K.L.:
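My structure is below; once you've seen it, I'll send some questions.
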Amino acid sequence: MQSLYSWLVIIHIFSAIVGIGPGFILTTIVRSAKTMPEIRHAFALKKTIHIFVMIGGILVLVTGLLMGAIRPILFQQGWYVMSMLLYFVALSLGPTFLKKYSVPIKKILADKEIEQVPASYYPNLHRLLRIEYLENGLLLIVIFLMITKPF
């Protein structure tokens, strides 16, 4: 089992780097866009990068749970349990708040007649970014817990 566990750790780490890592720049991409063409391009890039984030995020979850199944003692470690809880909270933000706050932005982007950035875009963007910052913060805590294993 040590060999399988070692491979799961490797997949887990690479999944976090390739999948979750790019998620930290998604806010920068859309925040820097100022004109409607830039905003449309930024959200198109974000959508493409988000595919990697979703695949990596799922692999991180699956490998983390498989490692726990191989070594059930992990479920008695505070850092592991707290990491899992925070990760589930971070994942739950996608279909709830992130979706809720991205819908008005997607409506603006879909309207090809809009050439100037409407005033309604900015409050919606700020709400979306606040949730994304929260999610990134939670993921940073999870990474910290996995590296340091403080309890």
Side-chain angles (χ1 to χ4, degrees), residues 1-35 38-109 117 120-151:
M1 274 305 173
Q2 182 60 32
S3 178
L4 176 59
Y5 187 85
S6 297
W7 278 108
L8 286 173
V9 170
I10 291 168
I11 294 168
H12 189 75
I13 292 169
F14 275 108
S15 297
I17 293 167
V18 174
I20 295 174
F24 290 109
I25 65 161
L26 293 179
T27 55
T28 305
I29 292 171
V30 297
R31 195 179 64 229
S32 64
K34 302 298 179 212
T35 65
E38 288 176 356
I39 291 168
R40 284 188 175 99
H41 182 68
F43 275 91
L45 281 174
K46 182 178 177 173
K47 184 178 180 180
T48 301
I49 293 170
H50 191 256
I51 293 167
F52 291 98
V53 173
M54 287 184 344
I55 292 168
I58 290 168
L59 278 173
V60 165
L61 178 62
V62 169
T63 54
L65 289 171
L66 287 173
M67 287 186 287
I70 291 171
R71 295 202 177 149
I73 189 83
L74 288 174
F75 289 103
Q76 297 173 6
Q77 304 293 314
W79 66 268
Y80 181 85
V81 174
M82 182 62 72
S83 293
M84 284 295 180
L85 289 173
L86 292 175
Y87 196 74
F88 280 121
V89 169
L91 286 179
S92 72
L93 292 175
T96 57
F97 293 106
L98 290 176
K99 183 175 182 177
K100 174 183 175 183
Y101 295 138
S102 66
V103 166
I105 294 172
K106 287 179 181 178
K107 285 181 183 173
I108 292 169
L109 297 176
V117 181
S120 63
Y121 169 76
Y122 293 105
N124 288 313
L125 178 65
H126 291 305
R127 285 185 205 106
L128 179 66
L129 291 177
R130 253 187 273 138
I131 299 301
E132 289 183 359
Y133 292 140
L134 172 63
E135 184 170 41
N136 289 346
L138 291 170
L139 292 172
L140 284 173
I141 294 168
V142 169
I143 292 168
F144 174 80
L145 290 171
M146 285 194 247
I147 292 169
T148 62
K149 299 172 179 51
F151 52 92

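These numbers were taken from a predicted model, which means no experiment stands behind them.
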K.L.:
How about CE on Met67, more than 12 heavy atoms from neighbouring residues, nucleotides or ligands closer than 6.0 Å, or not?
P.N.:
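More than 12 heavy atoms, drawn from other residues, nucleotides or ligands, come within 6.0 Å of this atom.
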
K.L.:
I would like to know whether His41 and Leu45 meet side-chain contact (heavy atoms from CB on, under 4.5 Å); could you show each step before the answer?
P.N.:
CA-CA 6 Å; His41 182 68; Leu45 281 174; 3.5 Å; yes

K.L.:
When you measure from the side chain of Tyr80 to the backbone of Ile73, do you find a donor-acceptor pair of N or O atoms at a distance under 3.5 Å?
P.N.:
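No: the side chain of Tyr80 does not pair with the backbone of Ile73.
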
K.L.:
One pair to check against side-chain contact (heavy atoms from CB on, under 4.5 Å): Phe151 and Met82. What are the steps and the verdict?
P.N.:
CA-CA 10 Å; Phe151 52 92; Met82 182 62 72; 4.2 Å; yes

K.L.:
Between Phe144 and Leu140, is any pair of side-chain heavy atoms under 4.5 Å apart?
P.N.:
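Phe144 vs Leu140: side chains apart.
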
K.L.:
Flag the pair Lys46 and Glu132 as a salt bridge only when some basic side-chain nitrogen lies within less than 4.0 angstrom of an acidic carboxylate oxygen.
P.N.:
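Answer for the salt bridge query: yes.
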
K.L.:
Is there a side-chain contact between Tyr87 and Val60 (heavy atoms, below 4.5 Å)?
P.N.:
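Result yes, sub-4.5 Å side-chain heavy-atom pair found.
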
K.L.:
So do Val62 and Leu66 actually touch side chain to side chain, heavy atoms under 4.5 Å?
P.N.:
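They are in side-chain contact.
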
K.L.:
For atom CZ of Phe52, decide whether the heavy atoms of other residues, nucleotides or ligands shown that lie under 6.0 angstrom number more than 12.
P.N.:
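Open.
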
K.L.:
For the side chain to side chain contact (heavy atoms under 4.5 Å, CB included) test, which of Leu61, Thr63, Ile17 pairs with His12?
P.N.:
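That would be Thr63.
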
K.L.:
Measure across Phe43 and Leu128 and return the closest heavy-atom pair with its distance rounded to 0.1 Å.
P.N.:
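The answer is CE2-CD2, 4.1 Å.
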
K.L.:
Under the side-chain contact (heavy atoms from CB on, under 4.5 Å) rule, what do Tyr133 and Thr27 come out as? Steps first, then yes or no, please.
P.N.:
CA-CA 8 Å; Tyr133 292 140; Thr27 55; 3.7 Å; yes

K.L.:
Should Phe24 and Leu139 count as side-chain neighbours, where that means a heavy-atom distance under 4.5 Å?
P.N.:
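Yes, at least one pair of side-chain atoms sits under 4.5 Å.
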
K.L.:
Are the side chains of Ile49 and Ile29 in contact, using a 4.5 Å heavy-atom criterion?
P.N.:
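The answer is yes; the side chains approach within 4.5 Å.
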
K.L.:
Taking atom NZ of Lys149 as the centre, report whether more than 12 heavy atoms of other residues, nucleotides or ligands fall under 6.0 Å from it.
P.N.:
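For Lys149, atom NZ is crowded (more than 12 foreign heavy atoms under 6.0 Å).
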
K.L.:
Is there a side-chain contact between Tyr121 and Ile105 (heavy atoms, below 4.5 Å)?
P.N.:
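A side-chain contact exists here, since the closest heavy-atom pair is under 4.5 Å.
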
K.L.:
Between Leu145 and Ser83, what is the shortest heavy-atom contact and its length?
P.N.:
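Minimum heavy-atom separation between Leu145 and Ser83: CB-OG, 3.4 Å.
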
K.L.:
Would you indicate whether the side-chain heavy atoms of Leu138 and Leu93 approach each other to under 4.5 Å?
P.N.:
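Result yes, sub-4.5 Å side-chain heavy-atom pair found.
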
